[in-house]
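First the structure, in the form of structure tokens, and then the observations on it.
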Amino acid sequence: MADFNAIAEKLIAGKADEVKSLVQQAIDEGAAPKDILDKGLISGMDEVGRRFKANEFYGPEVLIAARAMHYAMEVLEPKLEAAGVQKIGTVAIGTVKGDLHDIGKNLVTMMLRGAGFDVEDLGVDVSPEKYVEAVKGRKQVLCLSALLTTTMPQMPKVIEAMKEADCTNVKVMVGGAPLTQKYADEIGADGYAADAASAVDVAKSLLKIK
Ligand code: B12
């Protein structure tokens, strides 16, 4: 029988090769792809998120675990698609125009993917027009990251551009070290999170996912 706990444990430890081969083994043994995802990989990423929030894990551990998840998904994703398993939501994410910091954005991307979201990463230095183009009619959530006080003002510009393009049904989440809930409220963002694990909680609550 497939050992979902072992998958979760190896994921938490960031052992990419071992996670991938355990996932392959579970597939070969006939385990349901959705169970491998939920009881193995996502359960492991949930624990990574919990440890990150509790300051037991730091950025590098999260990145290593997320990389292991990504690697294992190479074998699982085609099976999930074949089984018709839906992603829990669609997200686009990018660092705002003029800003090249992407470590935090990448962590948020990996945690969201780990939680089952379909995430399109738009990269860094993303203009308001590019965000709008990426989300219009195609995404439920837009995540904006900024690490510089000089690039934070790009965020209200993106929100304005979204309104002008009639994308008001897309929820906008913001984050990055200089940001606060107060700033997010002032610029009319729908959500703010201080770290990657909380970003998953906020995205889920914006889409009313339990
Ligand atoms: C690494 C780094 C760089 C690297 C970036 C490499 C890369 N690929 O990202 C390099 C060397 C390129 C760089 C360049 C610059 N940097 Co720099 N950099 C940093 C540094 C040391 C770490 C940032 C980081 O990665 N933190 C780790 C990640 C995990 O944390 P995080 O980004 O905050 O993300 C977390 C949360 O904020 C949140 N989050 C992030 N995004 C989002 C998005 C959403 C939607 C949500 C919900 C949550 C969320 O979740 C993440 C995970 O928990 C910081 C100092 C610091 N200690 O923060 C300075 C810092 C951000 N940099 C700074 C500066 C000034 C610059 C430069 C202008 C320097 C220069 N004169 O050239 C340039 C600007 C280049 C540009 N145009 O962007 C200043 C900013 C000051 C300010 N308040 O404006 C800082 C604070 C350093 C300092 N004390 O002066 N930098």
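- The side-chain heavy atoms of Pro178 and Leu148, taken from C-beta on, include no pair separated by under 4.5 Å.
- A salt bridge links Lys87 with Glu77: the closest approach of a Lys/Arg side-chain nitrogen to an acidic carboxylate oxygen falls below 4.0 angstrom.
- Between the side chain of Thr151 and the backbone N or O of Asp99 there is no donor-acceptor pair closer than 3.5 Å.
- The main-chain N or O of His101 is found under 3.5 Å from a side-chain atom of Thr95 such that the two form a donor-acceptor pair.
- Here the CG atom belonging to Leu147 is positioned 11.0 Å from the CE atom belonging to Met152, to the nearest 0.5 angstrom.
- Of all non-hydrogen atoms in Leu207 and Gly89, the two that sit nearest each other are CD1-CA, 4.2 Å.
- Taking NZ of Lys139 as the reference point, atom SG of Cys167 lies at 12.5 Å (rounded to 0.5 Å).
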Handout entry: Verdict with reasoning, Val96 to Val126, per side chain to side chain contact (heavy atoms under 4.5 Å, CB included)
Key = CA-CA 5 Å; Val96 298; Val126 182; over 6 Å; no

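- Rounded to the nearest 0.5 angstrom, Ser127 OG and Lys157 NZ are separated by 11.5 Å.
- Looking only at distances, a side-chain donor or acceptor of Lys136 sits under 3.5 Å from a matching main-chain atom of Ala165.
- Under a 3.5 Å cut-off, the side chain of Tyr131 and the backbone N or O of Met162 do not form any donor-acceptor pair.
- Side-chain atoms of Gln140 come within 3.5 Å of backbone N or O of Thr90 as a donor-acceptor pair.
- A continuous path of hydrophobic side-chain contacts links Phe117 to Val62 [ILVMFWY only; heavy atoms under 4.5 Å].
- With hydrogens and angles ignored, the 3.5 Å screen pairs a side-chain donor or acceptor of Asp125 with a backbone N or O of Gly98.
- The backbone N or O of Ala189 sits nowhere less than 3.5 Å from a side-chain atom of Tyr192 that would complete a donor-acceptor pair.
- With hydrogens and angles ignored, the 3.5 Å screen pairs no side-chain donor or acceptor of Ser198 with any backbone N or O of Ala194.
- Contact annotation: the side chain of Tyr183 never approaches that of Val174 to less than 4.5 Å [non-hydrogen atoms, C-beta and beyond].
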Handout entry: Derivation of the side chain to side chain contact (heavy atoms under 4.5 Å, CB included) call for Glu29 and Asp3
Key = CA-CA 10 Å; Glu29 286 170 10; Asp3 190 347; over 6 Å; no

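- In this structure a side-chain-to-backbone donor-acceptor pair under 3.5 Å is missing from Tyr71 to Val19.
- There is no path of hydrophobic side-chain contacts, each under 4.5 Å, that joins Ile159 to Val202.
- Side chains of Ile27 and Ile36 form a contact here, defined as non-hydrogen atoms less than 4.5 Å apart.
- Shown are Leu112, Val141, Val108; of these, the side-chain contact (heavy atoms from CB on, under 4.5 Å) with Val119 is made only by Leu112.
- Inter-residue side-chain proximity for Met69 and Val48 is flagged as unmet; no heavy-atom pair is nearer than 4.5 Å.
- In this structure Glu164 satisfies the salt bridge (charged side-chain N to carboxylate O under 4.0 Å, His left out) test with no other residue, sequence neighbours excluded.
- Expressed to the nearest 0.5 Å, how far CE of Met111 lies from CZ of Phe52 amounts to 7.5 Å.
- Distance CG/Asp38 to OG/Ser43: 9.0 Å, rounded to 0.5 Å.
- Screening residues 200-210 for salt bridge (charged side-chain N to carboxylate O under 4.0 Å, His left out), with sequence neighbours left out, gives Lys53-Asp201.
- Contact of the Leu144 side chain with the Met173 side chain is not registered, since no non-hydrogen atoms from C-beta on lie closer than 4.5 Å.
- Here the side chains of Val158 and Val172 are not in contact, with every heavy-atom distance at 4.5 Å or above.
- Under the salt bridge (charged side-chain N to carboxylate O under 4.0 Å, His left out) criterion, Arg113 pairs with no residue, sequence neighbours left out.
- At a cut-off of 3.5 Å, with distance as the only test, a side-chain donor of Asp28 or Gln24 sits close to an acceptor on the other residue.
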Practice task
Give the intermediate values and the outcome of side chain to side chain contact (heavy atoms under 4.5 Å, CB included) for residues Asp121 and Asn106.
Solution key: CA-CA 8 Å; Asp121 185 352; Asn106 293 346; 3.8 Å; yes

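- Using a cut-off of 4.0 Å between Lys/Arg side-chain N and Asp/Glu carboxylate O, Glu56 and Arg50 are scored as salt-bridged.
- We find the CG-CD1 distance between Leu142 and Ile93 to be 9.0 Å, quoted to the nearest 0.5 Å.
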Exercise for the section: Decide side chain to side chain contact (heavy atoms under 4.5 Å, CB included) for Met73 and Leu41; before the verdict, give the C-alpha distance in whole Å, the side-chain angles of both, and the deciding distance to 0.1 Å. Expected result: CA-CA 9 Å; Met73 284 303 286; Leu41 297 174; 3.9 Å; yes

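- Between Lys10 and Leu22 the shortest side-chain heavy-atom distance falls below 4.5 Å.
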